[in-house]
*Asks:* 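Below you'll find the structure I mean.
Lettering of chains follows the sequences in order, A, B, ..., and the numbering in each one begins at 1.
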Protein chains: 2
Amino acid sequence: MAGSSLAQQAYTQIREEILRGKLAVGDVLSRRKLAERLNMSFLPITEALQRLEAEGLVESRPRIGTRVRIPTQQDVLDSYVIREALETQAARLCCSNITASEREHLLKSAKHLDDLYRASATELEDSPFLFSVHTYHLRFHMKIAEFSRSPRLVQSIECEQVLIYNWLYDTVSHRKALPSGFHSNLAQAICSRKLQLADAGMRKHVRFGLEDVMKSIANMEVEKGWRLRRVD
Amino acid sequence: MAGSSLAQQAYTQIREEILRGKLAVGDVLSRRKLAERLNMSFLPITEALQRLEAEGLVESRPRIGTRVRIPTQQDVLDSYVIREALETQAARLCCSNITASEREHLLKSAKHLDDLYRASATELEDSPFLFSVHTYHLRFHMKIAEFSRSPRLVQSIECEQVLIYNWLYDTVSHRKALPSGFHSNLAQAICSRKLQLADAGMRKHVRFGLEDVMKSIANMEVEKGWRLRRVD
DNA sequence: CTTTCTACCCTGATATATCAAATATTGAAA
DNA sequence: TTTCAATATTTGATATATCAGGGTAGAAAG
């Protein structure tokens, strides 16, 4: 980290703060303030924000300002479409290429994940335990992507995942209990050696919960205009 | 165009030159030379190159140089994996959402495209006619994406398409004749209202020809190191 | 003639300065 | 008190300057 470029450091830092919720949706990001806070000139900051904008985490308008992106219903819908496309592909390739030991690992992880979710049913909404479950869940999905043996696919999924996925964690997820064996069933479908099963299993998995998220987005009242009121 | 930012102009210009082959694979891109040629400082150039790097069209190493990206076999393989993921998703959604008039349009385009390919069988490798066929082919695929009614999906496919797709045009494509009714069959599968048919049809379509491309890449002897010999 | 090493040059990275556009603020006029 | 226009401020965009890392050519040594 210390050896990487300033732009890289800024990117990592800002992204982390957005994902952790330290910077909330709609928050204004002043390049100069950030530069001062991160102790660098605002050029590396600009580069970092350009990358984040390309990834869809922030949005900016020329000579007006930059803010953490406010996702629309269409954004979330689109995100799920892409996720479904990429993750079903990962499931297919994983199904074809997975080794015996990886298969064992995946099945075990799925079982563990289901147990975690069952245990977390009684937890409070913002407990650290829930966050760890969430992290584990993400890792489970990335594991499937890795077993597909397509580095680029892993990268694409990673990029899509964090966009809305992490955001929905804060707003709605875990509201409804998951079906029993939710992840175990998926893992078994993937390990079945049958492409159709793997494909259908993942498709169902991704689509689950989409409606809830859509509803919560609709209820969320956010400033859609560009009134970037200064924060002092 | 004249009203857009310098960075945007640079991006469009450089990208165009890469896609048109004016800048060949492996060519060195000097930010300062580009800045002078495009009549701007090298900051907008830097921003443009960063975007192109994120999209995978160029690659750069700190304090060494930037060049038009040299795709590896793995790159091409990965590109096809992503394309298959995104385009089958487009085919599925298109299958579900297409209107009667759009269906008619799609079927007609497919027929026309098949005719074009049949007519182009006797053309020379680098004829302008072949390029127009290629362009029409691309438009056919984007039409399917549009009919899926997911703007983001269109955008993602657009981004993936140009990367390698256009490149392979120059190196190998059209070497082998396409099966008769290649595109008409795809269009019919998509218009069948049956998801499985649409999915399978597109999957087959995308995979066709992958092997040829892979072979031609293997034979291509390019400098893989970073010997960025100056061009005067 | 070949190998080694050093000085020079080019590269991307970063800092600082300036600009024009758009917003926010203020204060005078109604 | 309200309206509105002039001004101050902030923003992203761009230009220019400087820096340190790495490559290259050519001198020096074998």
*Asks:* How many whole angstroms separate atom CD of B/E59 from atom C1' of C/dG12?
*Replies:*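 For the pair B/E59 CD and C/dG12 C1', the rounded distance is 15 Å.
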*Asks:* Would you mind telling me which of B/S60, B/S41, B/P44 makes a side chain to side chain contact (heavy atoms under 4.5 Å, CB included) with B/R31?
*Replies:*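 So, applying the side chain to side chain contact (heavy atoms under 4.5 Å, CB included) to B/R31 and each of B/S60, B/S41, B/P44, only B/S60 qualifies.
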*Asks:* Of A/A7 and A/P62, whose closest DNA chain C nucleotide lies nearer the 5' terminus?
*Replies:*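 So the residue in question is A/A7.
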*Asks:* Between atom CZ in B/R31 and atom P in C/dT14, what is the gap in whole Å?
*Replies:*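 From B/R31 CZ to C/dT14 P: 11 Å.
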*Asks:* What is the distance, to the nearest angstrom, from the CG atom on A/L34 to the C1' atom on D/dT11?
*Replies:*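 Taking atom C1' of D/dT11 as the reference, CG of A/L34 is at 13 Å.
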*Asks:* Identify, with sequence neighbours excluded, every residue that meets ring-ring contact (aromatic ring centres under 6.0 Å, His included) alongside B/F42.
*Replies:*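 Here no residue qualifies.
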*Asks:* Go through the structure and list residues passing side chain to side chain donor-acceptor pair (under 3.5 Å) with A/R51, not counting sequence neighbours.
*Replies:*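 A/R51: side chain to side chain donor-acceptor pair (under 3.5 Å) contacts with A/Q8.
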*Asks:* So which atom in B/V206 and which in B/Y80 form the shortest heavy-atom distance, rounded to 0.1 Å?
*Replies:*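 The pair with the smallest heavy-atom distance is O-CE2, 3.3 Å.
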*Asks:* With a 4.0 Å heavy-atom cut-off, tell me which residues in residues 44-54 of chain A come close to DNA chain D, sorted by residue number.
*Replies:*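 Within this stretch, nothing sits under 4.0 Å of the strand.
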*Asks:* Applying side chain to side chain donor-acceptor pair (under 3.5 Å) to A/D78 and B/S150, what does each step give before you reach the verdict?
*Replies:* CA-CA 6 Å; A/D78 280 6; B/S150 176; 3.1 Å; yes
*Asks:* Please determine whether a side-chain nitrogen or oxygen atom of B/R61 lies at a distance below 4.0 Å from atom OP1 or OP2 of D/dG21.
*Replies:*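 So the side chain of B/R61 is outside the cut-off, no N or O lying under 4.0 Å from OP1 or OP2 of D/dG21.
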*Asks:* Would you confirm whether the ring centroid of B/H205 sits within less than 6.0 angstrom of the ring centroid of B/H183?
*Replies:*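 B/H183 vs B/H205: aromatic centres under 6.0 Å.
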*Asks:* Could you check which of C/dA22, C/dT11, C/dA13 has an atom nearest any side-chain atom of A/S5?
*Replies:*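 Minimum distance to the A/S5 side chain belongs to C/dA13.
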*Asks:* Using whole Å, report how far CG of A/L6 lies from P of D/dG21.
*Replies:*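 A/L6 atom CG is separated from D/dG21 atom P by 13 Å.
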*Asks:* Could you state the atom-to-atom distance from CG of B/L38 to P of D/dA15 in whole Å?
*Replies:*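 Rounded to whole Å, this separation is 11 Å.
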*Asks:* Once side chain to side chain donor-acceptor pair (under 3.5 Å) is applied, do any residues pair with A/E16, and if so which ones, sequence neighbours excluded?
*Replies:*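 Listed in chain order: A/R20.
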*Asks:* Considering just the side-chain nitrogens and oxygens of B/T66, establish if one lies under 4.0 Å of OP1 or OP2 belonging to C/dT11.
*Replies:*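 Answer is no, no contact under 4.0 Å.
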*Asks:* Round to the nearest Å and state the distance from B/R67 atom CZ to C/dC10 atom C1'.
*Replies:*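 Taking CZ of B/R67 and C1' of C/dC10, I get 17 Å after rounding.
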*Asks:* How is B/S60 classified with respect to the nucleic acid when contacts are heavy atoms under 4.0 Å: base, sugar-phosphate, or nothing?
*Replies:*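 Here B/S60 touches no strand at all.
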*Asks:* Nearest-Å distance, CD (A/Q8) to C1' (C/dG12)?
*Replies:*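 The distance from CD of A/Q8 to C1' of C/dG12 comes to 15 Å, rounded to the nearest Å.
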*Asks:* Give me, pair by pair, the N or O atoms of the protein and of nucleotides 16-20 of chain D that are less than 3.5 Å apart, along with how far apart they are.
*Replies:*
| residue | atom | partner | partner atom | Å |
| --- | --- | --- | --- | --- |
| D/dA20 | N3 | B/R63 | NH1 | 3.4 |

*Asks:* The criterion is side chain to side chain donor-acceptor pair (under 3.5 Å); which residues satisfy it with A/H105, sequence neighbours excluded?
*Replies:*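 Side chain to side chain donor-acceptor pair (under 3.5 Å) check on A/H105 returns nothing, list empty.
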*Asks:* Among D/dA13, C/dT11, C/dA15, which is the nearest nucleotide to the side chain of A/M40?
*Replies:*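 Side chain of A/M40 sits closest to C/dA15.
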*Asks:* Quick check: A/Y117 with A/H137 (ring centres under 6.0 Å apart)?
*Replies:*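 When the ring centroids of A/H137 and A/Y117 are compared, they turn out to be within the sub-6.0 Å range.
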